[in-house]
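First comes the structure, then the notes that go with it.
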Amino acid sequence: MMQIAVLSGFVLAAFAPLLYRWLGQRTAAIMALYPLAIVVWLLAQWPTVVGGGDPVWLEMAWVPGMDITLTFFIDGLGLLFGLLIAGIGALVLVYAGEYLRGHPDLPRFLVIITAFMMSMLGLVLADNLVTLFVFWELTSITSYLLIGFNHTDLSARKAALQGLFVTVAGGLALLAGLVMLGVAGESWSLAELATRGERLRGHDLYTPMLICLLLGAFTKSAQFPFHFWLPNAMAAPTPVSAYLHSATMVKAGIYLMARLQPSLGGTELWVVTLSLVGGVTMFTGAFLAIRHTNVKKLLAYSTVMALGTLTMLLGIGTEGALIAFVTFLLAHSLYKGALFMVAGILDHETGTKDVTAMGGLRALMPLTSGVALVAALSLAGVPPLLGFIGKELMLDSVLGASHFMALLLLLAFMAAILTIAVAAVVALRPFFGEQRQTPRAAHEPPLAMLLGPAVLAVASLLLGLVPGGLDRLVGVTVAGIGAARAGDVHLALWHGINLPLLISLVALVLGWVTYRRWDRVRARLAYLDPLMARGPEAGYDAVMTAIVRVAEWQTRALQNGYLRNYLAMTLLVLVGLVGHAFFFRHAPQFAFSVDVYLHEAVVAGLMIAGAVTACLMKSRLAAVAAVGVMGFSIALTFVLFSAPDLAITQLLVETLTVILLVLVLFRLPRFANLSAPTERLRDLVVASAFGIMVTLLMLAVLGGERLPRISDYMVENSQPLGHGHNIVNVILVDFRALDTLGEIFVLALAAIGVYAMLRFHAAAPGGRQPTPRREEDDG
Amino acid sequence: MVKSGTLILNVAARFLLPLQLLFSLFLLLRGHDEPGGGFIAGLVAAGAFALYLFAFGLTALRAMIKVSPRDLVGLGLLLALLSTLPAWWQGEPFFTSQWWTIPLIGYKASTPLIFDIGVYLVVLGSVLTALTALMATDRDPEEA
């Protein structure tokens with residue numbers, strides 16, 4: 001059901017350009033009906049999942065032979081994420097249709113963002129580890145395409161590549177981690193693994209598994225020191241930032257950690273790593289945010305802060321912390337999505353992203369400023385908004401942390417101050433104060449652009465006023481990710497006068513002071529710029545430069561265009577690897593006494609004579625003829641050992657080789673002896689080593705104890721299973737057809753390669769052909 | 001440069017071509033039970049066209065086969081891939097062979113045969129691509 005919906009979503013994405021041709025600018029709004037329908041469907045599951053506390057299972061096979069399923073299961077966490085993805089997705093589509101109105105690439109945008117939406121839904125609903133990974137990588141790829149949407153902009157392309165490299169490198173680690181998880185837990189189902197926590201935590205692979213999985217999660221969710229890609233990803237159009245880089249994709253890592261909490265959580269390693277990394281990320285994000293005047297960067301760094309907070313809460317891992325986690329997650333998605341869309345409105349209507357260039361817009365865009373204010377109050381954690389409840393719960397659980405309580409509290413306190421300042425900068429600076437001249441004359445945006453942020457801001461407010469509506473959802477979610485009971489969770493605005501409230505009050509005052517002195521604070525922080533230039537991003541750049549250097553070096557060393565060097569390298573590696581396995585892993589027994597008939601000896605002698613002659617000839621034609629003698633002798637051998645198919649093939653190949661050579665020979669320069677005697681000696685050594693290696697292998701195969709021969713199976717089953725008497729052909733087209741398929745693809749590629757090389761050669765008379773021809777043709 | 005051939009070669013090529021092509025089809029169809037098969041048959045056919053190419057030249061060959069050899073390669077790959085689909089339809093694993101008997105002539109058709117025809121076309125197309133590309137560099141680069 002849901003699987004079909006997700007897969008059909010990809011089809012819908014593919015048809016977006018066609019729809020656009022029919023429907024024009026309304027396409028985005030009409031396509032938004034699709035995620036809206038998913039929201040309705042998910043809400044229909046609410047009574048079962050949340051009311052009854054039973055996950056909904058949607059079984060579906062994919063690759064049964066390898067235990068890979070497309071089964072979806074919807075529990076509290078899945079439902080929460082699903083609703084956020086589809087709900088905000090629908091709003092973002094409506095918003096984007098207006099934001100990118102008239103943009104020539106709008107159809108392309110709709111394709112990618114719909115594909116992303118479906119990947120993300122698959123990611124949070126999948127039960128199977130492999131399926132989860134597939135959707136995970138799909139989100140990385142679609143995110144790459146979206147960041148680089150303005151592909152003519154160099155910095156956008158660079159940012160896209162950076163995001164891709166960081167998340168995909170993490171994705172590789174994740175794959176390793178998931179495989180270890182599946183092996184250690186003896187299951188590929190997340191739901192089953194959740195019940196096997198004891199075994200997993202005691203397993204030998206626990207530490208490497210955890211490190212790999214966390215690397216995947218940390219890179220995806222922009223945790224320190226991988227946080228730098230997220231602010232750079234702001235090169236994407238603002239609807240993308242609102243959707244991928246605040247509300248959904250960057251939370252995939254968080255989702256994974258929450259999902260694994262019951263399987264892997266609770267150990268010393270888990271608690272220490274997650275709380276420390278999360279705490280540091282939280283502070284770093286808030287601290288870096290305050291340095292920027294670009295409204296999108298401000299919001300991006302404050303997203304980093306929120307992601308750090310979520311990780312830290314998972315690390316603390318108490319029931320209170322998990323309740324705080326779920327509440328904070330929901331609150332953040334709502335207000336941050338709204339704020340990003342407001343940022344897009346500001347950019348769209350004023351023509352600048354710099355908050356210091358705006359001022360007094362309240363009079364010109366009263367609705368927008370109202371929405372921004374509500375969302376920013378939630379970000380700052382001011383009652384009666386949902387963000388306040390989330391922050392209070394967060395502070396409360398930090399106070400209950402078992403490790404590094406004091407440090408985490410300090411980080412949380414400072415992050416809270418800075419976040420309040422950021423919220424004030426975003427919501428007050430552009431709208432209040434004296435009016436300023438902006439590049440474009442500002443006015444209220446079209447309704448479609450206001451709808452999204454308004455809905456999210458109102459939701460923040462309503463859920464803050466009536467938090468009781470979330471009790472069951474939060475309770476079921478928390479029960480699903482660790483805490484034992486579905487719980488009597490009661491979210492409330494007012495908890496009485498307690499320590500978290502006092503901390504909040506002090507932070508509010510200090511945050512306000514920071515905001516008032518923001519210009520001076522920024523000027524002071526500018527002294528730190530040289531230090532910032534040496535941050536983790538410099539490390540990323542260094543790694544990328546090093547990779548390019550290594551690639552250049554190995555291309556020069558290995559791919560240097562000399563056929564003889566390729567050959568020598570290939571043969572030596574083969575001799576080395578096979579020789580190592582042969583002599584050090586086995587104790588080969590050689591059968592030196594092989595019966596040889598006279599005619600066999602004659603054929604062998606012919607081959608040797610052909611090879612030696614080919615090496616000594618001073619004329620190309622003679623060398624070709626000598627090689628031909630060798631080829632035909634081989635065909636003769638096949639005949640002697642009754643393999644007519646091989647013999648025919650060999651003969652035909654020899655013939656065609658001659659034809660090809662005839663065509664090539666004319667183009668070659670006169671025969672020249674280009675190699676010095678020492679080089680020829682070197683070649684001799686390589687060739688002899690390879691020959692000896694193969695000979696020894698053959699002798700060992702004849703001498704060693706026989707493994708059960710696969711050919712017996714082929715001979716016996718060729719007729720019953722393959723319906724053919726010609727075993728060779730049955731193997732080629734039936735038993736091993738997949739290999740053959742691969743081979744004909746290689747053959748096709750080779751033909752295309754020859755064609756392309758000759759065509760471009762011919763198409764560039766003199767000009768684009770810098771390679772000296774003599775080097776290429778001399779083999 | 002390759003000169004379009006002598007009288008004997010021309011006559012021989014003209015008469016041998018259909019025979020060789022028939023022989024290659026024969027090899028292709030009987031390949032499952034007797035020596036032969038798509039790979040060998042493809043090489044034989046390629047050899048036949050090569051002979052024609054040497055006798056009459058590139059333009060004549062192009063005029064005769066009409067389709068581009070590269071299209072043969074693509075068609076072959078497509079056929080080979082399509083032959084994997086019937087098994088999917090039957091709910092059996094990827095590439096499981098399917099057999100049918102054609103009613104009137106009693107010939108047994110199968111997905112391996114379709115696959116083999118794909119191999120045949122790929123081999124033929126690849127060799128012809130290389131041959132014609134090499135010939136074209138001699139004569140008329142802009143036509144390649």
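Each chain gets a letter, A, B and so on, in the order its sequence line appears, and its residues count up from 1. Here the structure is a predicted model, which means the values were calculated and not measured.
Here the closest heavy-atom approach between residue Ala737(A) and residue Phe115(B) is recorded as O-CZ, 3.4 Å. Annotation for Ile40(B) and Ile648(A): closest pair CG2-CG2, 3.4 Å, computed over non-hydrogen atoms. Ala80(B) and Ile744(A) make their closest contact through CB-CD1, 3.7 Å (heavy atoms, listed as atom of the first residue, atom of the second, distance).
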Stepwise side chain to side chain contact (heavy atoms under 4.5 Å, CB included) check, Thr129(B) with Ile752(A): CA-CA 8 Å; Thr129(B) 304; Ile752(A) 292 167; over 6 Å; no
Intermediate values then yes/no, side chain to side chain contact (heavy atoms under 4.5 Å, CB included), Leu81(B) and Leu741(A): CA-CA 8 Å; Leu81(B) 281 177; Leu741(A) 187 67; 3.9 Å; yes
Evaluation steps, side chain to side chain contact (heavy atoms under 4.5 Å, CB included), between Phe39(B) and Val728(A): CA-CA 11 Å; Phe39(B) 195 81; Val728(A) 177; over 6 Å; no
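Counting heavy-atom pairs closer than 4.5 Å to chain B, the top residue among Val754(A), Val653(A), Asp645(A) is Asp645(A). Taking chain B as the reference chain and counting heavy-atom pairs below 4.5 Å, the highest number among Val730(A), Leu732(A), Val664(A) is found for Val730(A).
Both the backbone and the side chain of Thr649(A) come within contact range of chain B, with heavy atoms under 4.5 Å apart. Using a 4.5 Å cut-off between heavy atoms, Ala130(B) contacts chain A through both its backbone and its side chain. In this structure, the portion of Leu656(A) lying under 4.5 Å from any heavy atom of chain B is its side chain and not its backbone. With a 4.5 angstrom heavy-atom cutoff, Ile727(A) does not touch chain B via any of its atoms. The contact between Val127(B) and chain A is made entirely by side chain atoms (from C-beta outward), counting heavy-atom distances below 4.5 Å.
Around the CD1 atom of Ile8(B), the shell of radius 6.0 Å holds no more than 12 heavy atoms that belong to other residues, nucleotides or ligands. Residue Arg736(A) qualifies as open at atom CZ: its count of foreign heavy atoms under 6.0 Å is 12 or below. Taking a 6.0 Å sphere around CG of Leu82(B), one finds it holds more than 12 heavy atoms contributed by other residues, nucleotides or ligands. Other residues, nucleotides and ligands contribute at most 12 non-hydrogen atoms within 6.0 Å of the CZ atom of Phe15(A).
Here OG of Ser126(B) is found 14.0 Å from OH of Tyr755(A). Values are rounded to the nearest 0.5 Å. A distance of 12.0 Å separates CD1 of Ile659(A) from CG of Leu134(B), quoted to the nearest 0.5 Å.
Checking side-chain atoms of Asp734(A) against main-chain N and O of Pro112(B) turns up no donor-acceptor pair under 3.5 Å. Here the side chain of Asn726(A) pairs a donor or acceptor atom with the backbone of Gly31(B) at under 3.5 angstrom.
A side-chain donor from one of Asn729(A) and His32(B) sits under 3.5 Å from a side-chain acceptor of the other.
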